[in-house]
Amino acid sequence: MALLRLDKYLSDLGIASRREVKELLRSGRVTVDGAMALRPEQKLDPALACVELDGRPLIYTRYHYYMMNKPEGVITATEDRSQRTVLDLLPPELRKLGLFPVGRLDKDTAGLLILTDDGDFSHRVAAPKSGIRKRYLAEVDGVPDETDAAAFREGLVLGDGTRCLPAELECSGGSSCYVTVQEGKYHQVKRMLAARGKPVRRLCRLSVGGLELDKTLEPGAVRALTEEELCTVFIGRK
Ligand code: URA
């Protein structure tokens with residue numbers, strides 16, 4: 001692996017910003033291969049060096065991937081002058097990582113949101129033609145039925161002429177339904193259901209590819225994705 005400066009290594013891990021690293025090293029809490037490390041510019045090979053903080057070994061990862069259970073009422077943005085963003089919900093130690101949301105959920109949509117600092121991954125997941133399937137639970141006015149499901153399968157044409165790719169609508173016999181789309185047009189699920197005369201009252205994203213929302217996460221909470229979970233994002237793409 002290419003050599004890295006120690007301050008970059010520690011800031012990539014979200015342990016300290018590059019400015020804070022000096023202080024951390026001065027306190028003598030970091031060792032590299034058993035020797036106290038004092039210089040931020042010290043070079044090391046992340047795959048080989050044994051770096052310890054307070055005697056505990058660190059495992060180097062360049063990028064970070066988190067799942068958030070996005071609550072309603074916050075916007076999917078990194079900053080905003082007047083409204084709360086999903087980044088405002090992060091605990092302080094994660095704010096240092098430079099995370100940003102992968103794709104977008106509306107302010108009033110809840111559910112699975114991936115946060116990362118990996119621009120390439122984000123692009124591959126959120127690109128309109130990624131073909132990654134996203135599943136939503138919608139509560140609507142009215143009762144979606146098989147004729148709606150057939151129209152979804154055909155590929156709906158929205159009021160403004162926008163043509164949607166075939167999508168799945170699973171009816172429950174009541175006012176809730178599951179919708180799975182393979183693209184990410186603006187307000188797509190709401191506009192599709194509205195086009196069938198079933199305006200959305202509430203919307204929650206349940207999965208992205210094979211990655212499912214962890215139902216034990218409280219609204220607003222985040223947790224790191226495991227490596228296996230990360231791979232499931234690309235499962236089942238069209
Ligand atoms: N479709 C919508 O209409 N809104 C979302 O937030 C996501 C998908």
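Predicted model only: the values in this text are computed from it and were never measured. Just follow the structure's listing: the first ligand is 1, and inside any ligand the first atom is 1.
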Notebook entry, point to check: Is any side-chain N of the basic residue among Arg135 and Glu170 closer than 4.0 Å to the acidic one's carboxylate O?
Noted result: yes
Note to self: Restricting to side-chain contact (heavy atoms from CB on, under 4.5 Å), what partner residues turn up for Leu217, sequence neighbours left out?
What the structure shows: Met67, Asn69, Asp214, Ala221, Arg223
Checklist line | Closest non-hydrogen atom pair, Ala167 against Val181 | finding: CB-CG1, 4.1 Å
Note to self: Nearest 0.5 Å, please: how far is CZ in Arg191 from CG in Leu156?
What the structure shows: 11.0 Å
Item checked: Approximate separation, where rounding is to 0.5 Å, of Arg205 CZ and Leu112 CG -> 5.5 Å
Next item on the list: Run through ligand 1 for me and note each protein residue having a heavy atom under 4.0 Å from it, chain first, then residue number.
Entry: Leu105, Asp106, Thr109, Tyr136, His187, Gln188, Val189, Lys190, Leu203
Item checked: Where Glu183 and Lys134 come nearest, the two heavy atoms and their spacing -> O-NZ, 4.3 Å
